[in-house]
Protein chains: 2
Amino acid sequence: MAKARAAPARSCPVAAFQKMISGKYKLRIVWDLKDGPRRYGEIRSGLLRGMEGSAEITPRVLSRELKALTESGLIDRKDFGEVPPKVEYRLTRKGKSFVPVVAAIRQWGDRNLGESAALVDAAE
Amino acid sequence: MAKARAAPARSCPVAAFQKMISGKYKLRIVWDLKDGPRRYGEIRSGLLRGMEGSAEITPRVLSRELKALTESGLIDRKDFGEVPPKVEYRLTRKGKSFVPVVAAIRQWGDRNLGESAALVDAAE
DNA sequence: TGCGATCCTGCAAGTATGGACAAAATTGAT
DNA sequence: ATCAATTTTGTCCATACTTGCAGGATCGCA
């Protein structure tokens with residue numbers, strides 16, 4: 001990524017995938033959204049959880065990631081015309097179909113990349 | 001990430017995953033290796049296939065990606081002491097366990113990111 | 001001596017990514 | 001008038017990643 005830019009044109013879905021998820025929060029956002037629609041502020045709060053007291057997510061950054069995800073077609077932005085602004089994000093069909101992939105990644109990561117991974121690694 | 005640096009320390013397997021696969025060829029290399037050990041030059045040739053006549057992979061880059069994958073524990077480097085040099089790379093146990101994840105990514109990508117994806121997208 | 005085969009590395013440059021900071025936009029409440 | 005709430009965007013910067021070119025090291029053989 002970072003990622004992965006300069007994708008080999010088309011014809012390589014893996015490269016497209018890498019480009020799509022490049023970004024620090026994209027996968028986490030998708031994961032957070034799997035349980036239902038969330039508002040901007042809710043996503044922001046949700047991303048805070050699990051980050052060991054590190055810095056907050058800058059609004060700018062969150063906005064960019066959300067926009068990128070929207071353009072990728074993974075999430076959908078619904079703007080209620082209210083004031084103060086209220087915006088909801090939710091997974092599209094494509095996004096929902098992507099959740100199992102993320103689940104697979106998480107599961108594999110939990111088993112092979114966590115602190116307990118060293119033990120497993122010992123057995124080559 | 002293109003990619004993903006400054007991982008949230010530990011505790012986030014997804015971030016570790018992103019860091020691990022960041023790089024233009026890492027996933028493809030793992031995929032190529034799933035059928036058995038390959039030599040440096042074979043991997044290089046294999047990566048050429050499927051790239052529409054675009055540039056070759058620089059030795060520098062391939063070397064770096066292979067090294068990174070080795071340090072991640074996904075592949076294993078076996079250096080026969082011969083001359084001219086002969087080096088073989090193959091998946092470790094960890095690497096093999098990772099293949100299904102890549103397969104899931106590929107499958108999802110094929111269905112949702114290829115040229116035919118537009119059709120599917122049409123249905124929201 | 002010169003060439004071939006095979007793999008590895010030092011250095012430099014282009015580019016994107018994450019982040020800081022501030023501001024806009026709207027309407028109701030104080 | 002002034003402030004509050006909520007989301008989005010504009011501009012700028014430092015960092016660090018990815019990539020590419022060129023060169024190097026080894027040994028045998030003609």
Side-chain angles (χ1 to χ4, degrees), chain A residues 1-8 15 18-29 37-48 51 54-72 75-90, chain B residues 1-9 12 15 18-29 37-48 51 54-72 75-90:
Chain A
M1 210 224 315
K3 46 259 319 330
R5 41 210 89 104
Q18 291 196 50
K19 192 187 186 74
M20 202 185 64
I21 67 160
S22 85
K24 202 169 172 180
Y25 308 98
K26 298 224 179 74
L27 284 183
R28 301 187 59 191
I29 293 172
R38 291 274 184 279
R39 296 185 55 184
Y40 180 90
E42 294 173 335
I43 296 175
R44 181 171 174 155
S45 310
L47 287 180
L48 238 69
M51 313 202 29
S54 47
E56 256 184 76
I57 299 98
T58 303
R60 179 72 173 112
V61 176
L62 180 52
S63 207
R64 274 202 301 232
E65 306 255 295
L66 287 171
K67 189 172 182 181
L69 283 172
T70 304
E71 284 169 357
S72 298
I75 69 176
D76 183 45
R77 180 198 140 100
K78 181 172 184 184
D79 189 340
F80 304 71
E82 307 178 6
V83 168
K86 175 176 176 180
V87 187
E88 253 187 18
Y89 294 91
R90 58 177 168 178
Chain B
M1 214 121 76
K3 302 177 313 350
R5 44 209 85 106
C12 189
Q18 291 196 44
K19 192 186 188 75
M20 201 185 65
I21 66 159
S22 85
K24 204 168 171 180
Y25 307 99
K26 297 222 179 76
L27 284 182
R28 300 187 58 190
I29 293 171
R38 291 276 185 279
R39 297 184 55 183
Y40 180 91
E42 293 174 334
I43 296 176
R44 182 173 172 148
S45 311
L47 288 181
L48 238 70
M51 313 203 26
S54 47
E56 256 184 77
I57 299 97
T58 303
R60 172 77 171 110
V61 176
L62 180 53
S63 208
R64 263 183 57 86
E65 305 254 295
L66 287 171
K67 189 172 181 181
L69 283 173
T70 304
E71 286 169 356
S72 298
I75 70 177
D76 185 43
R77 179 197 143 100
K78 181 172 183 184
D79 189 341
F80 304 72
E82 306 177 8
V83 168
K86 175 177 178 181
V87 188
E88 251 185 21
Y89 295 90
R90 59 177 166 179

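Letters A, B, ... are given to chains in the order of the sequence lines, protein chains preceding strands, and every chain is numbered from 1.
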Length of the line joining A/Asp79:CG and C/dA25:P, which is rounded to integer Å: 16 Å
Value in whole Å for how far the P atom of D/dT8 lies from CG of A/Leu69: 13 Å
Please work out if B/Arg39 contacts a base, only the sugar-phosphate, or nothing of the nucleic acid, heavy-atom cut-off 4.0 Å. sugar-phosphate
Looking across every strand, which nucleic acid part, if any, lies under 4.0 Å from A/Glu65 by heavy atom: base, sugar-phosphate, or nothing? sugar-phosphate
When rounded to whole Å, the CZ to C1' distance for the pair A/Arg64 and D/dT7 reads 16 Å
CG of A/Leu47 versus P of C/dG18: gap in Å, rounded? 13 Å
Hey, could you give me the CG/CZ distance between A/Leu47 and A/Arg38, rounded to the nearest 0.5 Å? 11.0 Å
With respect to the phosphate group of D/dA5, does any side-chain polar atom (N or O) of A/Tyr40 fall under 4.0 Å of OP1 or OP2? no
Once you round it to whole Å, what is the distance between P of D/dG20 and CD1 of B/Ile57? 9 Å
Using whole Å, what does the distance between atom C1' of nucleotide D/dT18 and atom CD1 of B/Ile21 come to? 15 Å
For A/Arg77, answer base if it contacts any base atom (sugar-phosphate contacts may also be present), sugar-phosphate if it contacts only those atoms, and nothing otherwise; contact means non-hydrogen atoms under 4.0 Å. sugar-phosphate
Salt bridge between A/Asp76 and A/Lys78, side-chain N to carboxylate O under 4.0 Å? no
Measure the distance from NZ on A/Lys86 to C1' on D/dT6 and round it to the nearest whole Å. 12 Å
Side chains of B/Tyr40 and B/Leu66, heavy atoms from C-beta outward: is any pair under 4.5 Å? yes
Results of side chain to side chain contact (heavy atoms under 4.5 Å, CB included) for A/Arg44 - residues two or more places apart only: A/Glu56, A/Pro59, A/Leu62
Apply side chain to side chain contact (heavy atoms under 4.5 Å, CB included) to B/Arg39 and list each qualifying residue two or more places apart in sequence or on a separate chain. B/Glu42, B/Lys86, B/Glu88
Using whole Å, report how far CD of B/Glu82 lies from P of C/dT6. 12 Å
Scoring nucleotides 21-30 of chain D by protein non-hydrogen atoms under 4.0 Å (B base, S sugar-phosphate only, - none) yields B-----B---
For the pair A/Lys26 (side chain) and A/Ser22 (backbone), establish whether a donor and an acceptor sit closer than 3.5 Å, ignoring hydrogens and angles. yes
With a non-hydrogen cut-off below 4.0 angstrom, is B/Phe80 in contact with a base, only sugar-phosphate, or nothing? nothing
Give me each pair satisfying side chain to side chain donor-acceptor pair (under 3.5 Å) with a member in residues 57-68 of chain A, each pair once, sequence neighbours excluded. none
